[in-house]
Amino acid sequence: MMLALNALESGYGAKTVVSNVSFSLAPGQILAFLGHNGAGKTTTLKSIMGLLRPTAGEILFDGQNIGRLSVADRVALGVRLLPEGRGIFPDLTVAENVSVVAARNVGAGAMFDVPDIYKLFPVLAERRDTRAGSMSGGQQQMLALSLAILGTPRCLMLDEPSIGLAPNLVERMFEQVRDVCKSHAMTAVLVEQNVAAAMKIADRVIIMNSGRIVFDGDPDEARASNFWSYY
Ligand SMILES: Nc1ncnc2c1ncn2[C@@H]1O[C@H](COP(=O)(O)OP(=O)(O)O)[C@@H](O)[C@H]1O
Ligand SMILES: [Mg+2]
């Protein structure tokens, strides 16, 4: 398994927000990680990334317990998060954004080096010298995705990447995420309010409610179930 959570419990200070969260994902598997606002999705992703320290449970990555590693060490192993609200440097140009992150995350034999990013998103190559914050929402999100995959990502977590994007752009971006994951055996965890778009590319659906998993199955089972009542 690429990523496995065993009875993860996490929160803020004395406040437990998620508990008993368990699932495991194989390489190439795409998980739609759903649930209403406040369900604990971001808290779970931050715990996997190392931005929050779990109070109980295990996080296994490729069989290794990474629960005590620093964020930087997890990034080096290939754990990547496209954070809620983007995560680009708006005052730097596109090329500067890419080179700052590449300097840190691209090593020898990397899966995605700078030229690979520009090949994947030609519009970013055209916009190399544009200030990132002045681009359209769709282009900024492509840049955010590029920064997240620079180097050798093995588990890509996307926290509400479609916010503010036009529906046709969302579909295109998600198809690109799926293609990249499938062709590189990369695991993805996609947190989305756009449930229909997320379920189109997902192999697996988990729904959180009040910090617990209330549904775990494939997209067809999810569509047939009464999980919509959690929204
Ligand atoms: N920094 C924080 N400090 C304290 N409580 C927080 C913090 N961030 C989120 N929470 C609480 O944790 C719960 C889950 O939040 P979150 O994981 O962001 O949910 P989701 O991403 O599913 O919308 C919410 O009740 C929220 O108020
Ligand atoms: Mg969130």
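Order of listing sets the numbers, starting from 1, for every ligand and every atom in it. Counting begins at 1 with the first residue of the sequence.
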Flag the pair F215 / E221 as yes when at least one side-chain heavy-atom distance between them is below 4.5 Å, and no otherwise. yes

Partners passing side-chain hydrogen bond (donor to acceptor under 3.5 Å, both in side chains) against Q29 (at least two apart in sequence or in another chain): none

Using a 4.0 Å cut-off on heavy atoms, what residues surround ligand 1? Order them by chain and number. Y12, K15, V17, H36, N37, G38, A39, G40, K41, T42, T43

Taking K200 first and then E175, would you say they form a salt bridge - that is, a charged N and a carboxylate O separated by under 4.0 Å? no

State, yes or no, whether a side-chain contact exists between M208 and V214 at a heavy-atom distance under 4.5 Å. no

Within the 2.8 Å cut-off the protein N, O or S neighbours of the Mg ion (ligand 2) are T42 OG1

Run the ring pair (Phe, Tyr, Trp, His ring centres under 6.0 Å) test against F112 and tell me which residues pass, sequence neighbours left out. H184

For Y118 and A95 the tightest heavy-atom approach is OH-CA, 3.5 Å

Are F33 and L190 side-chain neighbours, meaning at least one heavy-atom pair lies under 4.5 Å? no

Does the side chain of I59 come within less than 4.5 Å of R74's, by heavy atoms? yes

First locate atom CD of E126, then atom CD of Q139, and finally report the distance between them rounded to the nearest 0.5 Å. 8.5 Å

